[in-house]
Amino acid sequence: MNLIEQMQNVIEKITIDLGNSNYKMIVDDKRIIDSSNTEEVAEGTFGAYAVNGKYYLFGEGAAAKYTTNKIVEDKKALLGKALYSVAEDSQKLEITTLLPLSLYIHNQNKERYQELLKGEYVVTNPSQYTKKFEVVEVNVCCEGFSALITKPELLKEAIYLVEIGGVDLTGCFVNRTPVASQSFATEQGMNRFYKELAKVLTSKLLEGFSDKDAELVYNKYEVLEEELKEIIDSFAMEYIQKNIYKKLVDIGYKKLIHKLVLVGGGAIALERYLKQDTNIITLENALWANIEGAEIIEKRRAK
């Protein structure tokens, strides 16, 4: 058996979170993060990849996503593009990935996601180099709850878990396992945060701001003038109160009783406001905690 044949018989195991803001991937000890914006375009569009006969732009130049559903063709295209950077031609791959709790609790959704992502991929990059590879198995873990696996002592007490992602903003009571009846799921994550902040900045400053402009301004917070900081502070606190605390109270959260555990990129982005609440625990490495937890879960399954 030659080297190519040996490689084709080795199944590469990859953990990937096909998030709605960024995708995150662990391959052996290598970590990759990139924008997950995906937009189908016409053949011949500059910079487009071809994935299984359709053409897509990926990254900051593609349209942002504002809907939570991951069981869509765009996610298969995104997976093809992400795997293209790490897969060898003709390689077989096994992936572990995640679904939001709102989708995960229904078994048929896990099965639909597995079927969507499985199969052969033919991916051509903008330089017209093509790779063919096959995803032979898909394992699905639960977003949010997977992150708790990285800090298992939290599973010994009743907590409320909040995940702030690019699109999803979810909360759930966790008493060793998630309690679906005491949960909420909205599409008020950071993509929506920046979109709404752009409207506020446009109104207050009398100058047009896009959602990407608003994100750039927000990320320059420390060097902004005090008046602009106050505008952002007021918007952010109202956003947190309305979309996090009010939703938590509705599903039974009581500060005197429950710890509040936060995960996701939004937990980092909003840290200056959230850290004012001493009842909050933000998971260390909150951006990567979900995918790290999913990797741990899959390794335990394989034993």
Side-chain angles (χ1 to χ4, degrees), residues 4 7-28 30-100 103 109-141 143 165-168 191 288 290-291 294-295 298:
I4 293 176
M7 180 194 69
Q8 291 172 353
N9 285 319
V10 174
I11 297 177
E12 179 76 23
K13 294 189 176 184
I14 292 173
T15 309
I16 185 166
D17 179 1
L18 295 167
N20 289 322
S21 180
N22 297 298
Y23 73 83
K24 295 165 284 290
M25 182 163 57
I26 299 177
V27 186
D28 297 323
K30 185 178 181 181
R31 296 186 176 212
I32 299 167
I33 183 169
D34 202 354
S35 169
S36 60
N37 293 354
T38 303
E39 182 178 357
E40 187 174 353
V41 294
E43 182 179 359
T45 300
F46 180 76
Y49 280 71
V51 182
N52 292 349
K54 294 183 179 180
Y55 298 85
Y56 299 88
L57 288 177
F58 298 99
E60 296 298 338
K65 194 170 186 285
Y66 295 97
T67 55
T68 187
N69 186 16
K70 283 188 173 183
I71 311 173
V72 292
E73 197 67 28
D74 281 3
K75 288 301 181 187
K76 187 180 181 82
L78 178 62
L79 178 62
K81 189 267 183 182
L83 294 178
Y84 179 92
S85 65
V86 296
E88 300 291 343
D89 196 32
S90 302
Q91 192 166 28
K92 296 183 185 299
L93 306 144
E94 176 183 336
I95 70 163
T96 297
T97 190
L98 300 116
L99 272 178
L103 297 173
N109 286 333
K110 286 178 275 187
E111 293 166 3
R112 287 171 59 203
Y113 202 39
Q114 289 168 330
E115 289 307 310
L116 172 71
L117 299 179
K118 270 188 196 177
E120 295 183 350
Y121 288 74
V122 181
V123 184
T124 303
N125 73 4
S127 299
Q128 300 306 303
Y129 182 79
T130 299
K131 287 183 185 179
K132 298 179 181 179
F133 47 85
E134 183 180 3
V135 174
V136 295
E137 187 169 348
V138 177
N139 309 301
V140 182
C141 297
E143 285 181 21
V167 170
D168 298 308
N191 287 359
W288 287 89
N290 264 315
I291 191 170
E295 186 178 46
E298 191 47 44

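Just so it is clear, the values below take in all heavy atoms, side chains as well, and ignore hydrogens, waters and symmetry mates.
- When side chains are defined from C-beta on, Glu94 does not count as touching Ile14, because their heavy atoms never get closer than 4.5 Å.
- Put simply, the side chain of Asn37 never gets that close to the backbone of Phe58: no donor and acceptor are under 3.5 Å apart.
- Proximity of Glu295 to Trp288: side-chain heavy atoms (C-beta onward) are nowhere separated by under 4.5 Å.
- Within the model, atoms CZ of Arg31 and NZ of Lys24 stand 11.5 Å from one another, a figure rounded to the nearest 0.5 Å.
- Here the closest non-hydrogen pair linking Ser36 and Asn22 is OG-N, 3.4 Å.
- Between the CD1 atom in Ile95 and the CG atom in Leu117 there is a gap of 5.0 Å [rounded to 0.5 Å].
- Here CZ of Phe133 is found 7.0 Å from CG of Leu93. Values are rounded to the nearest 0.5 Å.
- Closest of all the heavy-atom pairs between Val123 and Gly80 is CG2-O, 3.8 Å.
- Checked by atom type and distance alone, the side chain of Gln114 pairs as donor or acceptor with a backbone atom of Val138 at under 3.5 Å.
- Note that CG of Asp74 and CG of Asn20 are 10.5 Å apart. Values are rounded to the nearest 0.5 Å.
- The shortest distance between side-chain heavy atoms of Asp34 and Lys81 falls below 4.5 Å.
- The nearest pair of heavy atoms linking Thr96 to Cys141 is CG2-SG, 4.0 Å.
- No side-chain N or O of Lys110 forms a donor-acceptor pair with one of Asn139 less than 3.5 Å apart.
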Test salt bridge (charged side-chain N to carboxylate O under 4.0 Å, His left out) applied to Lys70 and Asp17, step by step: CA-CA 11 Å; Lys70 283 188 173 183; Asp17 179 1; 3.3 Å; yes

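- Counting only distance, with no hydrogens or angles, the side chain of Lys75 and the backbone of Leu18 share a donor-acceptor pair below 3.5 Å.
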With side chain to side chain contact (heavy atoms under 4.5 Å, CB included) as the criterion, how do Leu79 and Lys76 come out once you've worked through the C-alpha distance, each side chain's angles and the decisive distance to 0.1 Å? CA-CA 5 Å; Leu79 178 62; Lys76 187 180 181 82; 5.7 Å; no

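- Residue pairs meeting the side chain to side chain donor-acceptor pair (under 3.5 Å) criterion with at least one partner in residues 121-130, sequence neighbours excluded, are Tyr84-Asn125, Thr124-Thr130.
- Residues Leu116 and Glu73 meet the side-chain proximity criterion, which asks for heavy atoms closer than 4.5 Å.
- Atom OG1 of residue Thr15 and atom CG of residue Asn290 lie 12.0 Å apart, to the nearest 0.5 angstrom.
- With Lys131 contributing its side chain and Ala87 its backbone, the two residues share a donor-acceptor pair below 3.5 Å.
- To the nearest 0.5 angstrom, Glu134 atom CD is 10.0 Å from Lys118 atom NZ.
- By the side chain to side chain donor-acceptor pair (under 3.5 Å) test, Asn109 pairs with Arg112, sequence neighbours left out.
- Closest approach of Pro126 to Gly47, counting heavy atoms only: CG-O, 3.5 Å.
- Within the 4.5 Å cutoff, the side chain of Tyr23 has no heavy atoms near those of the Thr38 side chain.
- Closest non-hydrogen pair, Thr97 versus Ile16, comes out as OG1-O, 2.8 Å.
- Between Val86 and Met25, the closest side-chain pair of non-hydrogen atoms falls below 4.5 Å.
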